[in-house]
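Just so we're clear, the structure is a prediction, and the values are computed from it rather than from any experiment.
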Amino acid sequence: MTGTPRTLAEELRTRTDRGLVGLLRARPDLLNPVPGDVTQLATRAGTRASVVRAVERLDRFVLQTAEALAVAPDPCPYDTLGALMAGDTGDPAVAAELPRAVAELRAQALVWGPDERLRLVRTARELLTPSAAHPSPTGLGPTVAEAMAGMSPGLLQEIIAAAGLPTTHDPVTAVASLAALFSDRPRMAALLDTAPAESVAVLDKLLWGPPYGGVTDRPAPHLQWLLDRGLLIPAGARNVVLPREAALHLRGGRAHHTPEPVPPALSPATERDPQLVDNAAANQAFTALATVEELLKEWDLGGPAVLRAGGMSVRDLKRTATALDTTEQLAAFWLELAYAAGLIASDGEADERFAATPAAEEWLQLPDHERWAALAAGWLAATRAPGIVGTADAKGRALAALGPHLDRSPAPEVRRRALGLLATLPPGTAVPATAVLARLQWERPLRGGAPAAGQAPAAADGATATPGADPADDLRSRLAHWTLTEAELLGVTGRGALSTHGRTLIDTVSDSAAPTPAETTAAATRAAALLAPLLPEPVDHVLLQADLTAVAPGPLRRPLAEALGVLADIESKGGATVYRFTPGSVRRALDAGRSAAELQEFLATHSRTPVPQPLAYLIDDVARKHGQLRIGAAAAYVRCDDDALLSEILADRRAAALRLRRLAPTVLAAQTSPDQLLDGLRAMGYAPAAESAAGDVLIARADSYRTPPRTAPAPVPDGPPSPDPTLLAAAVRAIRAGDLAATAERKPVHAPAPAAPGALPRTTSAETLATMQAAVLTNSALWIGYVNADGAASQRVIAPVRVEGGFVTAYDHTSDEVRTYPLHRITGVAELADDSV
């Protein structure tokens, strides 16, 4: 196609296959479904939803360029656009980056046309053009023609005369002459030289927007001076607006207060020893593993109930935070981390509650670095945002941990981009979080743009500015802030710098912003291999002390930690864990089936110090009393060979609630359950043991509670997935083939009446069959109309190969494959003009 394209579709037809692939990769929503031809592609690229999505993914300077085009004449020469971006004085940085911005807008089909006639697609212009309801980040108002639309001819003539322009009875000419005055630098400067100082001050306050202001019924003289000359134009009963042409003159031709052609620097940078960073990250990674493991242990017998609306109650979240010795917000993060890794879930029972999953058992048996890889991969791909737990949703309801409505689709992309920015720095280098947030805001500015710099309230009887949204409060900024915090908690970063294993974690083979789960898992595995040598080695011993405590000088091997956790209570955590032995903890070990001799041997085997005498005495003393009383099920009974001890229990006032009575010298009956009777006697200082119907001591070893098999929550995608190269190549072929079918030159079809433009060809069955058979002999292509089994009609270009049995087998240029068509579904056929295929 030659000449200047008249539509976006015509320009897309001139693009190479690589150009169309770039468009479809940048805007994957255009692929669902694959457009039938270039015209459909152009139409879909101009829909509001697609344009909004494309605009939201532009960086700040490209977005500023699009905003400048929205306030420029349509079409806009490249030089005019450059003047709007750089102003009258010019800006080398803007001039250097402007070609990239225009090329990016062209590549995404938001701008089309040659440099001398740049056109912003209509939907993008509607989105970005300033209006009273939707102000532009440029701070500009409507043009003179737009602001004066509907103005009375008399008032228009008065403004023309006051501005010193020749009067005319043609409103269009009058408006054009006023706009030309405001756009003429020398004439406009001369007019403003005669303005009162107060009038110029009002213009300065409206200069960078908002351009609207309020006036009283009797404006002050300096405001009336501006109204008389059209420098302020009425925009309602008591509102005025600064016209665009006048504002651009006052700004020196610039559309934006501060063009941002280059991203903000990641500074100030703090350089640290990379080895120290890796060690700090590894220590935190180990702490993360210990915290999640403690959470699973806390929920070993079952977790809290699930709210009717889903999630955990505030009270249960507080209890979990207390158990983990952390804040509620951090507890929500650890809960969501375990949930994303598939380690906890709801059990789905009638009385639904949370619990560890069967996958948690497998996770606990893995080496530390592999367990970290599972957590890191789940966190990196998760769309759930723990940071919003406790905030209110659109209906004012608090969002609960592990509950619904926590998914935020941009989260994975923001995490990867925030960590990717840290990866661009030298190893061991850290920058403030504010620098990372500023860069991310430049790469993906707020929807509608950030407030224009320099906004200020107008005069007392002038305009008042409407403040824009706080950039620090937008979702992407909050996600980025949470990412930096969570990466430190998980050990991806250390002391604010990206660790070596953290760099590997975000290094995937995919070029897209959303790598596949397999790529994420593979990267996490490679990162874990680098982390493994940095994690502390588990130890197989403790140090027993005379104050009935044991000190673990490092992380204990799992069997030792589990056994010691039954025999003693954890008193403090840190680099060394302190366990305390109490009568209750020793009784717990005896209830689990261990004898006093076994406990003594266990401690002697795993202690680097001798077993202290007080600890040996404690174990022997509790074991001597343990099981002396036997509790069984009648309603419940107490059996003891020492009838004096039973008499002592009966005489104790604290036993009144148990409602005991003597059945025999060595047997008491109770009106409570065995469990309540056990707890009651233990509270009185005794050490009873439960027994079976056969008289054997029951070992009190609770079974772990697990949910049925559960899968980790699936991330909620942020729009359509990034297409792979195979799909892109096939889509381009289909679009080219469909375009060929729609635009190929055809020979006229002999029909009783002329067909409407774009209508399917219509021929009789005999004519269709004869034309098909002739095409097989001549090996020529045909244009056909086809209606499929669903009743959908389409146009196709085919090269018939065989016609038999009521079917035609042909190479379909539209779908680029050999297909068979029933002849009765072909509405008609026409020969293509020479060299059409």
Calculate, to the nearest 0.5 Å, the distance between atoms [atom1] and [atom2] belonging to [X] and [Y] respectively.
X	Y	atom1	atom2	answer
M85	T65	CE	OG1	4.0 Å
E767	L769	CD	CG	11.0 Å
R444	E56	CZ	CD	10.0 Å
C76	R119	SG	CZ	11.0 Å
L406	Y339	CG	OH	9.5 Å
M151	I233	CE	CD1	5.5 Å

If you define the side chain from C-beta out and look only at heavy atoms, does anything of [X] sit under 4.5 Å from [Y]?
X	Y	answer
L105	L58	yes
V803	L823	yes
S50	L30	yes
L84	L248	yes
I784	V808	no
D59	E104	no
L178	M148	yes
L24	I735	yes

Between [X] and [Y], does at least one N-O distance fall below 4.0 Å, as a salt bridge requires?
X	Y	result
R476	E413	yes
R15	E11	yes
D37	R13	no

Would you say that more than 12 heavy atoms from the other residues, nucleotides or ligands in this model lie under 6.0 Å from the [atom1] of [X], or not?
X	atom1	result
R825	CZ	yes
D170	CG	yes
R122	CZ	no

Given 3.5 Å as the limit, does a donor-acceptor pair link the side chain of [X] with the main chain of [Y], or not?
X	Y	answer
R408	T383	no
R439	P263	no
T138	A255	no
R60	E260	no
T47	R44	yes
R762	G828	no
R244	E146	no
T123	G46	yes
R53	D29	no
S177	A174	yes

request  = Classify the side-chain pair R416/T520 by whether it contains a donor and acceptor separated by less than 3.5 Å.
outcome  = yes

Heavy-atom closest pair, residues [X] and [Y]:
X	Y	answer
A480	L440	CB-CD1, 3.3 Å
I798	P800	O-CD, 3.6 Å
P259	Q64	CA-OE1, 3.5 Å
D74	L120	OD1-N, 4.5 Å
G342	A359	O-CB, 3.8 Å
R27	A54	NE-CB, 3.7 Å

query = Run the side chain to side chain contact (heavy atoms under 4.5 Å, CB included) check on T771 and T763 step by step: do they pass?
reply = CA-CA 10 Å; T771 306; T763 57; over 6 Å; no

task = Apply the test side chain to side chain contact (heavy atoms under 4.5 Å, CB included) to residues V62 and Q108: give CA-CA distance (whole Å), side-chain angles for both, the deciding distance (0.1 Å), then the verdict.
result = CA-CA 11 Å; V62 177; Q108 299 208 31; over 6 Å; no

ask   = Can you check side chain to side chain contact (heavy atoms under 4.5 Å, CB included) on W112 and E10, steps first, answer last?
value = CA-CA 10 Å; W112 59 278; E10 288 187 3; over 6 Å; no

key: Listed partners of E116 passing side chain to side chain donor-acceptor pair (under 3.5 Å), at least two apart   = none

Residues which pass side chain to side chain donor-acceptor pair (under 3.5 Å) with S780, listed by chain and number, not counting sequence neighbours = T778

message = Checking E443 against L421 for the side chain to side chain contact (heavy atoms under 4.5 Å, CB included) test, could you report, in this order, the C-alpha distance in whole Å, the side-chain angles of both residues, the deciding distance, and whether it holds?
response = CA-CA 11 Å; E443 293 181 349; L421 290 176; 3.9 Å; yes

